[in-house]
Undergrad: 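Submitted below is the structure of interest, expressed as structure tokens.
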Protein chains: 2
Amino acid sequence: MAKKVTSLDVARLAGVSQSAVSRVFTQGASVSPDMSKRVRAAAETLGYRPNALARGLITGRTKIIGLVVAYLDNPFYPDALEKLSTALQAEGYHLLVFTTGKHGVDTDRVISELLDYQVDGIITASITLSGELTRRCAAAGIPVILFNRGIPGSGLAAVTSDNRAGGRKAAEFLLAGGHARIAHITGFAGASTSRDRRAGFEAALDAAGQGLHAVEDGRYDRATAAEATRRLMDRPDPPDAIFVANDHMALAVMDVLRFDLGLKVPEDVSILGYDDVPMAAWPAYDLTTVRQPTRRMVQATVEELMALLETPTRTARSIEIDGPLVVRGSARLPEGQDR
Amino acid sequence: MAKKVTSLDVARLAGVSQSAVSRVFTQGASVSPDMSKRVRAAAETLGYRPNALARGLITGRTKIIGLVVAYLDNPFYPDALEKLSTALQAEGYHLLVFTTGKHGVDTDRVISELLDYQVDGIITASITLSGELTRRCAAAGIPVILFNRGIPGSGLAAVTSDNRAGGRKAAEFLLAGGHARIAHITGFAGASTSRDRRAGFEAALDAAGQGLHAVEDGRYDRATAAEATRRLMDRPDPPDAIFVANDHMALAVMDVLRFDLGLKVPEDVSILGYDDVPMAAWPAYDLTTVRQPTRRMVQATVEELMALLETPTRTARSIEIDGPLVVRGSARLPEGQDR
DNA sequence: CGAATGCTTGCATACCTATGCAAGCCGAGT
DNA sequence: ACTCGGCTTGCATAGGTATGCAAGCATTCG
């Protein structure tokens with residue numbers, strides 16, 4: 001196992017000082033072309049690369065962003081993770097990933113460990129932070145961005161789709177389709193996405209003078225959503241349309257309807273989802289759904305993060321990105337509307 | 001933005017030396033109970049936690065594992081990533097994640113950046129390393145483990161399922177089902193998994209005196225696999241069974257057969273996949289497939305990695321884990337066999 | 001009671017790099 | 001020709017922690 005090669009080794013070989021080597025590898029430092037050439041040559045022969053840890057220790061910027069994510073079985077998150085990673089790499093940052101597990105009990109421990117690594121910023125996906133943690137991050141001067149969650153009144157930066165508008169679009173489409181008994185399967189009660197989607201959905205139904213026919217809790221979980229579906233359809237007056245709070249559950253709902261209950265979608269029941277995950281477009285499901293524009297959400301997240309890193313005093317923004325309703329075949333079309 | 005609180009601050013408050021503070025937070029150092037109590041109290045009031053960067057700089061162990069992954073749209077990988085992260089966190093390690101993108105051109109740059117962070121080890125998923133990189137990691141004394149890939153003769157540690165055996169099981173099941181024209185859609189030609197699955201599959205067919213009816217390249221990609229399916233079925237003598245090199249492609253194949261070509265699975269064509277991703281069990285697909293035991297593969301990966309970190313001189317092992325054929329409904333059952 | 005042993009603790013240093021400061025050099029302006 | 005300014009470079013130090021070494025202390029054994 002070879003010893004690590006340090007800037008001092010390079011300096012000796014090139015016959016210059018250690019600081020000269022450092023400057024050659026530091027963006028925007030004052031170095032003559034000749035010096036740069038000699039140092040780079042020496043570094044090349046020795047295989048030298050700056051130690052990111054030492055650099056981070058002294059500059060106070062590690063170029064590491066902590067990502068906290070609860071689970072990855074909803075395909076929306078791997079997709080976002082991949083795009084986030086790519087976008088951050090382009091800015092010279094890298095992702096230190098922490099998972100909290102479904103139950104998310106140890107979020108506090110996890111964030112503490114993140115702080116130990118002196119991350120420059122934190123992105124949380126599908127995670128809600130305690131006020132205590134929020135304060136600790138603020139005290140450490142570390143910006144936090146909530147991805148696909150918001151905590152109203154917390155003053156934390158957040159990037160979501162426009163969930164209220166999305167819920168509204170879902171309601172309007174189902175109303176236009178002439179549905180009479182419209183039900184909803186919610187996500188997780190503690191999640192802003194779930195609350196907002198429901199609020200927008202319900203408001204639009206109310207505005208049309210038609211209330212929500214039934215509600216069940218799906219907890220953003222396949223099995224729970226499947227149970228909820230059975231309960232809904234067991235009623236004496238089963239719904240003729242269900243708006244499901246995300247695609248991940250909506251696919252499970254369609255499975256139950258078609259394979260357990262022998263019903264047809266959308267002839268017997270219309271299904272609407274939320275997210276537009278890749279699978280929603282597959283012909284086996286062909287799910288009508290409200291798109292969350294992952295690419296733009298990621299882009300907004302990275303931009304906001306970079307802005308906060310640049311200007312820590314900046315007030316954090318809460319960004320909502322509008323997404324279209326993607327009309328496919330899982331919900332009855334409004335009269336006269338083609339796809 | 002508060003200044004960072006250091007071990008020196010804690011030492012002053014507790015009226016002890018900085019080294020004492022360090023020892024309290026260092027596993028296995030000699031500290032009296034009284035000292036520990038006082039220091040911890042002081043640390044608590046100041047909100048002190050050891051700086052992982054500084055610690056890593058001096059100990060040479062960062063407790064960071066680099067994970068390099070090409071893409072996450074095959075759901076096998078998010079699942080593995082989540083389990084890996086959880087298992088490593090339990091051992092006190094954390095994942096620094098790098099994505100190379102589909103084209104994987106910049107693997108070299110990516111690994112270089114990983115090395116900059118002085119990671120203790122590297123896990124690569126669905127990535128093949130150049131010999132050059134391998135040498136550099138070895139020179140830096142950093143163990144590398146290939147997850148779900150192997151590079152024969154490279155001497156690198158690798159964890160895979162027993163892909164040859166898996167291919168064999170697939171062939172035997174299709175043969176037992178009485179299929180006469182058995183085709184195969186391969187993965188990516190550069191991937192050991194694809195080569196081994198094919199080798200086992202073909203060997204078993206040959207042993208039965210029945211050759212491979214047709215082969216197409218699917219490149220572990222949905223769109224490519226869909227094209228391959230159309231070519232196969234366009235032949236004058238289309239196959240009556242297709243073994244697809246992974247589930248991700250197999251689902252696309254089923255979509256094409258059923259929705260584009262109007263064929264029935266398994267009545268017209270039997271389909272076999274590989275991986276047993278969660279979606280394979282969903283009733284819309286109900287895919288018969290060879291399971292890759294993710295949990296055991298992850299466990300083996302972590303164990304091997306820990307062993308290599310403990311004893312760097314240890315010769316790396318190549319671990320193959322056997323997985324069962326999971327019989328579902330996408331392939332005709334052998335005569336007399338129930339599910 | 002003296003010496004030897006074992007546990008604690010502080011001192012000093014090392015890990016590797018970035019950067020303020022001052023010195024050196026060269027060219028330009030008057 | 002002299003001075004001034006700008007660009008380069010080296011020196012020295014900081015950043016936060018772990019650890020070898022020696023000193024201090026208590027304990028135990030003969």
Side-chain angles (χ1 to χ4, degrees), chain A residues 1-40 42-43 46-64 92 115-120 140-141, chain B residues 1-40 42-43 46-64 92 115-120 140-141:
Chain A
M1 183 176 350
K3 307 286 162 222
K4 307 193 187 274
V5 30
T6 78
S7 59
L8 201 60
D9 299 325
V10 177
R12 272 194 284 260
L13 177 61
V16 300
S17 74
Q18 178 270 328
S19 29
V21 178
S22 169
R23 274 189 265 262
V24 169
F25 286 94
T26 301
Q27 196 70 345
S30 162
V31 188
S32 72
D34 174 63
M35 169 71 80
S36 178
K37 214 182 65 183
R38 278 169 59 198
V39 167
R40 284 186 194 281
L46 293 181
Y48 168 79
R49 306 208 86 213
N51 182 325
L53 257 54
R55 173 176 283 181
L57 183 56
I58 191 166
T59 61
R61 323 204 105 220
T62 55
K63 297 281 191 170
I64 299 180
L115 295 179
D116 293 351
Y117 280 101
Q118 317 294 112
V119 294
D120 289 344
Chain B
M1 181 175 353
K3 307 286 162 223
K4 307 193 187 272
V5 30
T6 78
S7 60
L8 202 59
D9 299 326
V10 177
R12 272 194 284 260
L13 177 60
V16 300
S17 73
Q18 178 270 329
S19 29
V21 178
S22 169
R23 273 189 267 262
V24 169
F25 286 94
T26 302
Q27 196 70 344
S30 162
V31 188
S32 72
D34 174 62
M35 168 72 78
S36 177
K37 215 182 64 183
R38 278 171 58 199
V39 168
R40 284 185 194 283
L46 293 182
Y48 169 78
R49 306 207 85 214
N51 182 324
L53 256 53
R55 174 177 281 181
L57 183 57
I58 191 167
T59 61
R61 323 206 105 220
T62 54
K63 296 280 190 173
I64 298 180
L115 295 178
D116 294 350
Y117 281 102
Q118 317 294 112
V119 294
D120 289 345

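As the structure is a prediction and not an experimental result, all values here were calculated from the model. Note on naming: letters A, B, ... go to the chains in the order of the sequence lines (proteins, then strands), and numbering restarts at 1 for each one. No hydrogens, no waters, no symmetry mates; every other heavy atom, side chains included, goes into these values.
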Undergrad: Can you tell me the distance, in whole Å, between the CG atom of B/Leu8 and the P atom of D/dG15?
TA: 11 Å
Undergrad: Of all nucleotides in DNA chain C that come within under 4.0 Å of a heavy atom of chain B, which is furthest toward the 5' end and which toward the 3' end?
TA: C/dT8 to C/dC16
Undergrad: For a side-chain contact (heavy atoms from CB on, under 4.5 Å) with A/Tyr48, tell me which candidate from A/Val5, A/Leu8, A/Leu13, A/Val39 qualifies.
TA: A/Val5
Undergrad: For DNA chain D, whose closest nucleotide is more 5', that of B/Ala54 or that of B/Arg23?
TA: B/Ala54
Undergrad: Counting just side-chain N and O atoms, does B/Tyr48 come under 4.0 Å of either OP1 or OP2 of D/dT17?
TA: yes
Undergrad: Pick out which of B/Asp9, B/Val16, B/Val10 makes a side-chain contact (heavy atoms from CB on, under 4.5 Å) with B/Arg12.
TA: B/Asp9
Undergrad: To the nearest angstrom, how far is B/Ile58 atom CD1 from D/dG15 atom P?
TA: 16 Å
Undergrad: Please confirm whether the backbone N or O of B/Arg55 pairs with a side-chain atom of B/Thr59, one donor and one acceptor, at under 3.5 Å?
TA: yes
Undergrad: A/Lys37 NZ to D/dT8 C1': how many Å, rounded?
TA: 17 Å
Undergrad: Do the non-hydrogen side-chain atoms of B/Asp120 and B/Ile64 ever get within less than 4.5 Å of each other?
TA: no
Undergrad: Please state how far atom CG in B/Leu57 lies from atom C1' in D/dT19, giving the value in whole angstrom units.
TA: 14 Å
Undergrad: Let me know the distance between CZ of B/Arg55 and P of D/dA18, rounded to the nearest Å.
TA: 4 Å
Undergrad: What is the nucleic acid contact for B/Ser22, judged by heavy atoms within less than 4.0 Å: base, sugar-phosphate only, or nothing?
TA: base
Undergrad: Using the test side chain to side chain contact (heavy atoms under 4.5 Å, CB included), find all partners of B/Leu57 that sit at least two apart in sequence or belong to another chain.
TA: A/Asn51, A/Ala54, A/Leu57
Undergrad: To the nearest angstrom, how far is A/Gln118 atom CD from D/dG15 atom P?
TA: 14 Å
Undergrad: Counting any heavy atom closer than 4.0 Å, what does B/Val31 reach on the DNA or RNA strands: base, sugar-phosphate only, or nothing?
TA: sugar-phosphate
Undergrad: Is the shortest side-chain N/O distance from A/Ser30 to OP1 or OP2 of D/dT8 below 4.0 Å?
TA: yes
Undergrad: I'd like to know if the side chain of A/Arg38 and the backbone of A/Ala14 have a donor-acceptor N/O pair within less than 3.5 Å.
TA: yes
Undergrad: Describe the nucleic acid contact of A/Ser19 in one word from base, sugar-phosphate, nothing, applying a heavy-atom distance below 4.0 Å.
TA: base
Undergrad: So what does A/Val21 touch, heavy atoms closer than 4.0 Å: a base, only the sugar-phosphate, or nothing?
TA: nothing
Undergrad: Once you apply a heavy-atom cut-off of 4.0 Å, does B/Thr59 come out as touching a base, just sugar-phosphate, or nothing?
TA: sugar-phosphate
Undergrad: Rounded to the nearest 0.5 Å, how far does CZ of B/Phe25 lie from CZ of B/Arg49?
TA: 8.0 Å
